[in-house]
Protein chains: 2
Amino acid sequence: MKASTALDDMICFQLYAASRGMTALYRPLLEPHHLTYPQYLVLRVLWHDGPTTVRDLGHVLALDSGTLSPLLKRLATLGFVERTRSADDERVVIVHTTDDGAALETQIGDLTQQLVCGTGLDLDELTQLHALLHKARTPRKDLA
Amino acid sequence: MKASTALDDMICFQLYAASRGMTALYRPLLEPHHLTYPQYLVLRVLWHDGPTTVRDLGHVLALDSGTLSPLLKRLATLGFVERTRSADDERVVIVHTTDDGAALETQIGDLTQQLVCGTGLDLDELTQLHALLHKARTPRKDLA
DNA sequence: CCCAATTCAGTTGTGCACAACCGAACCGTG
DNA sequence: CACGGTTCGGTTGTGCACAACTGAATTGGG
């Protein structure tokens, strides 16, 4: 549709468009549960790791408190998570799922099948893509 | 840092994080020109294709008018683009760069070198990544 | 013990994304 | 010409992202 002008920009644009496209694939699957894609990511961390501090959520998801604080407030309003102050350190807020939030894990089930199909890639290609993205993302830590 | 729970989500999260990481690499390079990354993408299209309708910008960038309208207004406020109604069809708005906007193309120069280094990938890997992203993104058209 | 530096979550302000909707301009057919 | 349907750009409302900042809690050095 559009001729390439420079490789770097094509890569970055593809990454940018692919990311939005992927969340667009999730949207209709998450909407019935009133979840957005970033909210779903937070829940995945909580399902996998159990109660987690806001700080650790930020590290795992590479998001800062300016993004997470209102997002967690919305998840709390939905009744999927609760926030409690740590007894050890009053600055720390520990986020944990409610019963409803935990129940979502089984209700949502495996979006895997539907989404892998949505990408049009086979498993080998997905594995390759994963490796490249991981490698591309790793060196960022040195800059942060 | 965090064990994988399912391939699909890791792919989607990697894509999501890599996209944000990439725009973070652009940010300090574009900030001196008061540009954001999406604004830079719009300018690239205009530099490459010349005067373009809002509709065509939306098709090329996969963005709708709800995103482009205010973005173009900000680019116009910065003095980099102007909008004119088409004489043939009064509904159509044609976007074109001003002299300042056109001059930016040479001022910004090649971000290529700096950014390819920022990714930590070599050229082969970038080419491979580009191909996978393109393939993953193509089938979306059927769904839209 | 005291205080300067640091850590932590939260708030504010700006700018995307995107759904839903709007009104003007065009188009086709009768 | 009239009019139903479509196309186009724009607006509104919600929810991320992120920089910059705030203030409370903690920590370490003197």
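A note on names: the letters A, B, ... follow the listed sequences, proteins ahead of strands, and every chain is numbered from 1.
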S.K.: Going by the rule side chain to side chain donor-acceptor pair (under 3.5 Å), which residues pair with D64(B) if we only count those two or more places apart in sequence or in a different chain?
M.R.: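 With neighbours one apart ignored, the set is T67(B).
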
S.K.: Between P on dC16(D) and OH on Y40(A), what's the gap in Å once rounded to a whole number?
M.R.: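 Result: 16 Å.
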
S.K.: Roughly, in whole Å, what's the span from CG in L35(A) to C1' in dT14(D)?
M.R.: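 To the nearest whole Å, that distance equals 15 Å.
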
S.K.: Please find the pair of heavy atoms, one from A62(B) and one from R20(A), that lie closest to each other, and give the distance.
M.R.: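 Heavy-atom minimum between the residues: O-NH1, 2.9 Å.
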
S.K.: Is Q39(A) close enough to dC16(D) that one of its side-chain N or O atoms is under 4.0 Å from OP1 or OP2 there?
M.R.: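 Yes, such a contact exists.
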
S.K.: Once you round it to whole Å, what is the distance between P of dT6(C) and CZ of R55(A)?
M.R.: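 Interatomic distance, CZ of R55(A) to P of dT6(C): 17 Å.
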
S.K.: In whole Å, what is the span from the CG atom of L68(B) to the P atom of dG9(D)?
M.R.: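 In whole Å, dG9(D) P and L68(B) CG are 9 Å from each other.
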
S.K.: Rounded to whole angstroms, how far apart are CG on L72(B) and C1' on dG10(D)?
M.R.: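 In whole Å, dG10(D) C1' lies 11 Å from L72(B) CG.
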
S.K.: Round to the nearest Å and state the distance from L57(B) atom CG to dG10(D) atom P.
M.R.: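 Those two atoms, CG and P, are 11 Å apart.
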
S.K.: Mind checking what makes ring-ring contact (aromatic ring centres under 6.0 Å, His included) contact with Y16(A), not counting sequence neighbours?
M.R.: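 By the ring-ring contact (aromatic ring centres under 6.0 Å, His included) rule, Y16(A) matches Y37(B).
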
S.K.: With side chains defined as the heavy atoms from C-beta onward, is the minimum distance between I108(A) and W47(A) less than 4.5 Å?
M.R.: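 Yes, at least one pair of side-chain atoms sits under 4.5 Å.
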
S.K.: Distance check needed: dA19(D) P versus L30(B) CG, whole Å only.
M.R.: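 Distance check: L30(B) CG to dA19(D) P gives 14 Å.
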
S.K.: Which letter, B, S or -, goes with each nucleotide of nucleotides 17-26 of chain C from 5' to 3', with contact meaning a protein heavy atom under 4.0 Å?
M.R.: BBB----BBS

S.K.: With a cut-off of 6.0 Å (strictly less than), are more than 12 heavy atoms of other residues, nucleotides or ligands near NE2 of H34(B)?
M.R.: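 Open: at most 12 neighbouring heavy atoms sit under 6.0 Å from NE2 of H34(B).
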
S.K.: Is there a side-chain contact between R83(B) and the phosphate of dG9(D), meaning an N or O under 4.0 Å from OP1 or OP2?
M.R.: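 For dG9(D), OP1/OP2 do not have a side-chain N/O of R83(B) under 4.0 Å.
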
S.K.: Do R83(A) and K73(A) have side chains that get closer than 4.5 Å, going by heavy atoms?
M.R.: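 Sidechains of K73(A) and R83(A): in contact.
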
S.K.: Does dA9(C) have its OP1 or OP2 closer than 4.0 Å to a side-chain nitrogen or oxygen of K73(A)?
M.R.: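 Answer is no, no contact under 4.0 Å.
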
S.K.: Are any of R74(B)'s side-chain N or O atoms less than 4.0 Å away from OP1 or OP2 of dT14(C)?
M.R.: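 For dT14(C), neither OP1 nor OP2 has a side-chain N or O of R74(B) closer than 4.0 Å.
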
S.K.: Less than 4.5 Å apart, any side-chain heavy atom of L46(B) and any of F80(B)?
M.R.: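 The answer is no, as the side chains (C-beta and beyond) never meet within the 4.5 Å cut-off.
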
